[in-house]
Amino acid sequence: MKILVTGATGQIGSELTLELRRLYGEENVVAAFHRTPLPPSLKDSGPSVRLDVADRAELEKVVRNYKPDVIYHLAAILSAKGEENPAAAWRVNLDGLYNVLEVARAGGVRQVFWPSSIAVFGPKTPKEDTPQDTVLSPTTMYGVTKAAGEYLCDYYARRYGLDVRGVRYPGIISSETLPGGGTTDYAVEMFYAAVKGEPYTCFVRPDTTLPMMYMPDCLKAAIQLMEADPARLTHRADYNVTAMSFSAEELAAEIKKHVPNFQVAYRPDFRQEIADSWPRSIDDSAAREDWDWEPSYDLSRMVEDMLARLKRRLQGER
Ligand code: SER
């Protein structure tokens, strides 16, 4: 099986590409990257290609050359960055997805994975235990592109029989690659500051509570859904998934158990409004029923593992 990963240098892509190479063979997983150069871990472990997903001709060429059976289409601009440049968010997130779906159906690609997000929800959506099927009311350009993308994936599945699958990721916490301008980034940044022995100024209020997930569960969700029996699936690219929910001050308190001198100040900026529009917790029972989704990491296990990994990494860089 040949796999193409777009956005391979991003927060999820950089780890998912390595995991896919481990599972399906290094030579079978092509890492497509755009602006961010490939880190040695990706460059040295398998094939790679430069690709702008919004450029249809370039994408067609890559698919013609590598003939992937499966595309993990991760290239995207996140919520906060998307508010700074809505036009770029539209181009990369929606033109990019449209191109991938078109090229996939024409180029004999069997399966596409595409991540949606809790950003499809908004002020009109129930905030606690947000149901699988509910009102979508995105307020960011990122959320608009993710909501439209969900419908587009449904359309390609129905109209052309393309096997498109995806999940609505919550905030993703990871130790290898920083997220690229999302609203949930404070949860990652807090760890980096704590490990460096620096104070952290958080850009949301202490009581801001959002659904979150640790990277190993993020990778597990993608791969498990892609390998699931199609006969059991009742949804396409919009499966709710979650692992935990916590407030910014609860995360700080958990980190302080390991780094007692860690100091956090709170200075909310424009991202507060985005965070306030998103759910506090998610009902992911459809994913649990349809493809046996179950997260492995809760808050305390994640904090322990994340701190240990970051410490090792940052020490190695010195
Ligand atoms: N983590 C993303 C963001 O904050 C949500 O999908 O933009």
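Since the model is a prediction, treat every value here as computed from it, not as a measurement. Just the heavy atoms: all of them, side chains too, but no hydrogens, waters or symmetry mates, feed the values below. Position 1 is the first residue of the sequence; numbering continues from there. Remember, it's 1-based here, ligands and their atoms both numbered in the order they're listed.
A88 meets the side chain to side chain contact (heavy atoms under 4.5 Å, CB included) test with I77, N85; sequence neighbours excluded. Partners of S285 by side chain to side chain contact (heavy atoms under 4.5 Å, CB included), not counting sequence neighbours, listed by chain and number: D283.
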Quick check on ligand 1: any N or O pairs to the protein under 3.5 Å? One line per pair.
from	atom 1	to	atom 2	distance (Å)
ligand 1	1 (N)	T184	OG1	2.8
ligand 1	4 (O)	S79	OG	3.4
ligand 1	4 (O)	T183	N	2.6
ligand 1	4 (O)	T184	N	3.1
ligand 1	4 (O)	T184	OG1	3.4
ligand 1	6 (O)	S117	OG	2.6
ligand 1	6 (O)	Y142	OH	3.0
ligand 1	7 (O)	S79	N	3.1
ligand 1	7 (O)	S79	OG	2.6

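Ring orientation note: the planes of Y297 and Y214 are nearly perpendicular, at an angle over 60° on the 30°/60° scale.
In this structure, the ring of Y239 has its center no less than 6.0 angstrom from the ring center of W293.
The OG1 atom of T6 sits 11.5 Å away from the NE2 atom of H34 when rounded to the nearest 0.5 Å.
For residues 40-52, the pairs satisfying salt bridge (Lys or Arg N to Asp or Glu O under 4.0 Å) are D52-R91, with sequence neighbours left out.
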